[in-house]
**Student:** 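Before I ask anything, let me first share the structure, which is written out below as structure tokens.
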There are 2 protein chains.
Amino acid sequence: MARKTKAEAEATRESILDAAEKMFFEQGVSRTSLEQIARAAGVTRGAIYWHFRNKQALFEAMLGRVRNPMEARLADLLEQQRSIDALRDICVDSLRQLATSEHHFRVFSILFLRTESDTGLAAQEEISGRSVQLLQQYFGIPAVRNTLAADITPELAALALNSHFVGIYFQWLKTPDHWNLVEQAPALVDIIFRGLQRR
Amino acid sequence: MARKTKAEAEATRESILDAAEKMFFEQGVSRTSLEQIARAAGVTRGAIYWHFRNKQALFEAMLGRVRNPMEARLADLLEQQRSIDALRDICVDSLRQLATSEHHFRVFSILFLRTESDTGLAAQEEISGRSVQLLQQYFGIPAVRNTLAADITPELAALALNSHFVGIYFQWLKTPDHWNLVEQAPALVDIIFRGLQRR
DNA sequence: GCATACATACAACCATGTATGTATTTTTAT
DNA sequence: ATAAAAATACATACATGGTTGTATGTATGC
């Protein structure tokens, strides 16, 4: 086949990534072959091996397209020393984004449910690890810490909030049609915040 | 090789399941071959195919050895209409069991992190689904429901508690050496209960 | 004219599943 | 009770396909 222009090449690269995302989501990472991805992208394996070293590299590139949506906002929260209500908004928005963005839905579904690879775990760690760090620092701000219940350290608060969050992600991704995350998000977030704050 | 006695056969069956649990935990389900499991069990693939129809059946049998530790106690909780403090004890114990029983640790680690199969998800659903059902019914008991915060329905309470729990499981299984689950368990449980109960 | 962006062809390897062999155990018939 | 028959609990051998990686071809953009 003929050589493509630079822009066209970049387009096929993206379509390969799209196809990988789709197939990984539908079948799981280990059970989808490069041949299947190639077919879904309308190319052959040759194209995949041209753009990516192997399946592993393709997988990582696919994950790399999604950035943790919370992270930037958490950094801003910390820097601006915003109120805890602002954090609550971030949390609600984050849950809603998972439920409304097909792209995020698929990638996080792959990360949580459709991969057993170590790089998948590493990616999870990279994503949630930084968030926990930022949350810890935020809860350490005296004005914020004072609002926490008596025996809750910043570390514990960050851990609990993050775990609660991951649990909601996880549970909902398993059965997204079973309950409405967008509707329940505020109530679910309120519960954990009530648990963290002093009464 | 010679035929074994009935008891011996049952022993090799168990050793195969043990080996599968070990290898699935260490390498993930899809990346461990039956050959590896056989070697780890000190037998050949012939023995595996004698006791199990295929890898899938072996995987299910391996999962079948662990029953949800919470379920029986939740049923009792509901039947005896015990106080919410009893539920809190169950939750703490459940977390502690994960951290102290190597067997539970491995199997849940496989379920949450080391499989991408649909049967893995189905098993998760079966395990946590019933718990949520029981929790819903329990929170529906008037005396219990009255202790919940104003706008929290029994369904929401069960969902939130279960999600919080799953999140803790998930986070800790990823990095079990990073923090001490046994120590933190009571505090983590207290947080979610404070969030659920009226102040 | 040379590097590019693929398609095509080829080699090699696991992993699975099944078929077969076999030494015992267990059962059955006498 | 004992010998023959049958079933058991595997090990071994083999056939197959699916997947990966690489090597090569090739038309075209630059």
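So that the names make sense, note that chain A is the first sequence line, chain B the second, and so on, each numbered from 1. All values derive from a computational prediction rather than experimental measurement.
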**Student:** With no hydrogens and no angle check, do the side chains of B/His178 and B/Gln171 hold a donor and an acceptor under 3.5 Å apart?
**Tutor:**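 The criterion, which ignores hydrogens and geometry beyond distance, is not satisfied for B/Gln171 and B/His178.
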**Student:** Do the side-chain N or O atoms of B/Lys55 get closer than 4.0 angstrom to the phosphate oxygens (OP1, OP2) of C/dT16?
**Tutor:**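 Yes.
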**Student:** Go through D/dC10, C/dC6, C/dG17 for me and flag the one nearest to the B/Lys4 side chain.
**Tutor:**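 When the side chain of B/Lys4 is considered, D/dC10 is the closest of D/dC10, C/dC6, C/dG17.
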**Student:** Rounded to the nearest angstrom, tell me the gap between atom NZ in B/Lys6 and atom P in D/dC10.
**Tutor:**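 That distance rounds to 13 Å.
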**Student:** Once you round it to whole Å, what is the distance between P of D/dC10 and CD1 of B/Ile16?
**Tutor:**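 Computing the B/Ile16:CD1 to D/dC10:P distance gives 7 Å.
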**Student:** Distance alone, cut at 3.5 Å: any donor-acceptor contact between the side chains of B/Ser94 and B/Tyr169?
**Tutor:**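 A donor-acceptor contact under 3.5 Å links the two side chains.
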**Student:** In terms of side-chain heavy atoms of A/Arg45, which of D/dG21, C/dT16, C/dC6 is nearest?
**Tutor:**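 Of the candidates, D/dG21 comes closest.
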**Student:** Look at the aromatic rings of B/His164 and A/His164 and report parallel, tilted or perpendicular, splitting at 30° and 60°.
**Tutor:**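 Rings of B/His164 and A/His164: tilted, as their planes differ by 30° to 60°.
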**Student:** Taking only Watson-Crick and G-U wobble pairs with both distances under 3.5 Å, what dot-bracket line describes DNA chain D, where [ ] shows pairs that cross earlier ones and | shows pairs with another strand?
**Tutor:** ||||||||||||||||||||||||||||||
**Student:** Would you call the rings of A/Phe170 and B/Phe112 parallel, tilted or perpendicular, taking 30° and 60° as the class edges?
**Tutor:**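 Plane angle between 30° and 60°, so tilted.
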**Student:** Would you say a side-chain N or O of B/His51 is under 4.0 Å from OP1 or OP2 of D/dC10?
**Tutor:**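 Result: yes.
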**Student:** Supply the atom-to-atom distance B/Ile168 CD1 to B/Leu181 CG, rounded to the nearest 0.5 angstrom.
**Tutor:**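 So the CD1 of B/Ile168 and the CG of B/Leu181 are separated by 7.5 Å.
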**Student:** Taking the nucleotide of DNA chain D with the nearest heavy atom to each, does B/Glu8 or A/Leu34 sit closer to the 5' end?
**Tutor:**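 Nearest-nucleotide comparison on DNA chain D picks B/Glu8.
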**Student:** Can you tell me if A/Glu8 uses its side chain to pair, donor with acceptor, with the backbone of A/Thr5 under 3.5 Å?
**Tutor:**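 Yes: the side chain of A/Glu8 pairs with the backbone of A/Thr5.
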**Student:** Go through D/dG21, C/dT16, D/dA9 for me and flag the one nearest to the A/Asn54 side chain.
**Tutor:**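 Looking only at side-chain atoms, A/Asn54 lies closest to D/dG21.
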**Student:** C/dT26, OP1 or OP2 - any side-chain N/O from B/Thr5 closer than 4.0 Å?
**Tutor:**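 Checking C/dT26 against B/Thr5, a side-chain N or O does come within under 4.0 Å of OP1 or OP2.
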**Student:** Please determine whether a side-chain nitrogen or oxygen atom of A/Trp50 lies at a distance below 4.0 Å from atom OP1 or OP2 of C/dC6.
**Tutor:**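 It does not, given that no N or O in the side chain of A/Trp50 lies less than 4.0 Å from OP1 or OP2 of C/dC6.
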**Student:** Checking all strands, does A/Thr44 fall into the base, sugar-phosphate, or nothing category for heavy-atom contacts under 4.0 angstrom?
**Tutor:**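 The residue A/Thr44 makes base contact.
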**Student:** Report yes if a side-chain nitrogen or oxygen of A/Thr12 is closer than 4.0 Å to either non-bridging phosphate oxygen (OP1 or OP2) of C/dC6; otherwise report no.
**Tutor:**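 Yes.
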**Student:** Do B/Gln124 and B/Val166 come close enough that some side-chain heavy atom pair is under 4.5 Å?
**Tutor:**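 Heavy-atom side-chain distance check fails, nothing below 4.5 Å.
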